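We name chains A, B, ... by the order of the sequence lines, and we start the count at 1 in each one. From a predicted model like this one, the values you see are computed outputs, not experimental measurements.
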Number of protein chains: 2
Amino acid sequence: MDVTGNELLQVFEALANPHRLRIVASLREKRKYVSELAREIKMSRPLLYMHLQRLETAGLVIGKLELSDDGKAMKYFELAEFDYRITPEFITEAVRTLHDKAAEGTEAPHTKEEN
Amino acid sequence: MDVTGNELLQVFEALANPHRLRIVASLREKRKYVSELAREIKMSRPLLYMHLQRLETAGLVIGKLELSDDGKAMKYFELAEFDYRITPEFITEAVRTLHDKAAEGTEAPHTKEEN
DNA sequence: TACACCTGTAATAATATTATTACAGGTGTT
DNA sequence: AACACCTGTAATAATATTATTACAGGTGTA
């Protein structure tokens, strides 16, 4: 296994939204910059921005800030290559490394879990 | 493909919660009835009940109301056998049948989508 | 300078999800 | 009857997510 429970949870949270599923589908065509994609799917840029960040945090898309030929800053997003096989076994395994996010910074330093 | 976009969305929504992931992991041992599982994972029964319903709606667990030997009604939940391979391709395909839930009952009867 | 494009973010409102509490009703046993 | 178990659900509170609006700042071109 190479994904922790919390990482897997973030993936599910990222995919548990119709807009974000559509964003993934759209980015499969080609990479796009934020304003471009916002026009395409008729969504306000700040909102799309938030959705893209959620996808990026989950590792499903990758954002890169580039400078276009005419000097404008363009934030391009492209799909990451992901491939999760969701089965009861897989989830059970991941749950072993699923910890309370609330306590994340609060808990005492421990003997390194599964790094 | 044998899952619609909205069905897939429900699966993701169901799995986008740490409790529900733990429930799935726990049910992998064996089927359990609600009160039993509630004690095990230290969760109030009404709350667990709600989580189980979300999992059931998504098709990830199956609930069966049975009568125990001593006549008590017992609601057993067991894992469904699911196996989703989550890739950009899969999501893109599913998005083709992803519709606004808000309009679900509002829209005019159409020429049968992909049944 | 004004305009048409871009990014990034903060404050707020609207909605949805999660969680609690309190019920009502059903067994069989003491 | 009182008790110890079960299921099912409604009303409400607490939180988290989603969405909007309004900014500030950066390009190059007319």
Side-chain angles (χ1 to χ4, degrees), chain A residues 6 9-24 31-58 60-78 98 100-104, chain B residues 6 9-24 31-58 60-78 98 100-104:
Chain A
N6 292 78
L9 178 58
Q10 277 199 316
V11 169
F12 288 139
E13 287 173 342
L15 294 176
N17 178 284
H19 294 314
R20 292 196 287 268
L21 290 182
R22 290 206 169 87
I23 289 169
V24 167
R31 70 176 202 154
K32 288 163 189 173
Y33 60 91
V34 183
S35 292
E36 178 187 12
L37 182 54
R39 280 190 296 268
E40 179 187 313
I41 64 181
K42 292 153 174 28
M43 178 180 289
S44 77
R45 194 177 49 83
L47 181 55
L48 172 60
Y49 198 86
M50 179 272 275
H51 283 307
L52 283 168
Q53 293 209 85
R54 267 171 111 54
L55 286 167
E56 186 174 34
T57 300
L60 302 176
V61 304
I62 300 159
K64 287 172 186 165
L65 185 62
E66 298 183 9
L67 247 51
S68 67
D69 295 341
D70 60 331
K72 276 200 286 261
M74 315 283 272
K75 179 93 174 202
Y76 278 96
F77 278 90
E78 65 181 317
L98 178 62
D100 263 29
K101 58 192 164 195
E104 277 307 78
Chain B
N6 292 79
L9 178 58
Q10 277 199 316
V11 168
F12 287 140
E13 286 172 343
L15 295 175
N17 178 286
H19 294 313
R20 292 195 288 266
L21 290 182
R22 289 206 169 88
I23 290 169
V24 167
R31 71 178 201 152
K32 288 163 188 170
Y33 61 90
V34 182
S35 293
E36 178 187 13
L37 183 54
R39 279 190 298 267
E40 180 189 313
I41 65 180
K42 293 154 176 21
M43 176 180 291
S44 76
R45 193 177 50 82
L47 182 54
L48 171 60
Y49 199 87
M50 179 271 276
H51 283 307
L52 283 169
Q53 294 210 84
R54 268 170 110 54
L55 287 167
E56 187 174 34
T57 300
L60 302 176
V61 305
I62 299 160
K64 287 173 187 166
L65 185 62
E66 297 183 12
L67 245 51
S68 68
D69 294 339
D70 61 331
K72 275 200 287 262
M74 315 284 273
K75 179 93 174 203
Y76 279 97
F77 278 91
E78 65 181 316
L98 178 62
D100 263 30
K101 59 192 165 197
E104 278 307 77

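Relative to the side chain of B/His51, the nucleotides D/dT20, C/dA19, C/dT7 differ in distance, and C/dA19 lies closest. The side chain of B/Leu47 sits closest to C/dT20 out of D/dC5, C/dT20, C/dT7. Side-chain proximity of A/Tyr49 to C/dT20, C/dT7, C/dG8: nearest is C/dG8. Here D/dT20 is the nucleotide among D/dC6, C/dT20, D/dT20 with the atom lying nearest to any side-chain atom of A/Ser44.
If you find the closest nucleotide of DNA chain C to B/Asp70 and to B/Asn17, the one lying nearer the 5' end belongs to B/Asn17. Closest-nucleotide positions on DNA chain D for A/Ala16 and A/Arg45 were compared, and the one nearer the 5' end corresponds to A/Ala16. For the pair B/Met50 and B/Pro46, both in contact range of DNA chain C, the more 5′-proximal nearest nucleotide belongs to B/Met50.
Looking at heavy atoms from C-beta onward, B/His51 lies in side-chain contact with B/Leu47 at the 4.5 angstrom threshold. By the 4.5 Å heavy-atom criterion applied to side chains, B/Ile41 and B/His19 are not counted as neighbours. Inter-residue side-chain proximity for B/Phe77 and B/Glu56 is flagged as met; some heavy-atom pair is nearer than 4.5 Å. Here the side chains of B/Glu78 and B/Lys64 are in contact, with some heavy-atom distance below 4.5 Å.
The phosphate of C/dT18 (OP1 or OP2) has a side-chain N or O of B/Arg20 nearer than 4.0 angstrom. Taking only side-chain nitrogens and oxygens, A/Tyr33 never comes nearer than 4.0 Å to OP1 or OP2 of C/dT7.
Taking atom CG of A/Leu67 as the reference point, atom P of D/dG25 lies 19 Å away to the nearest angstrom.
Residue A/Leu65 is in sugar-phosphate contact alone, with no base atom involved, counting any heavy-atom pair closer than 4.0 Å across all strands shown.
Pair check for D/dA22 finds C/dT9; Watson-Crick or G-U wobble, both atom distances under 3.5 Å. Under the Watson-Crick or G-U wobble criterion, with both distances below 3.5 Å, D/dA2 is paired with C/dT29.
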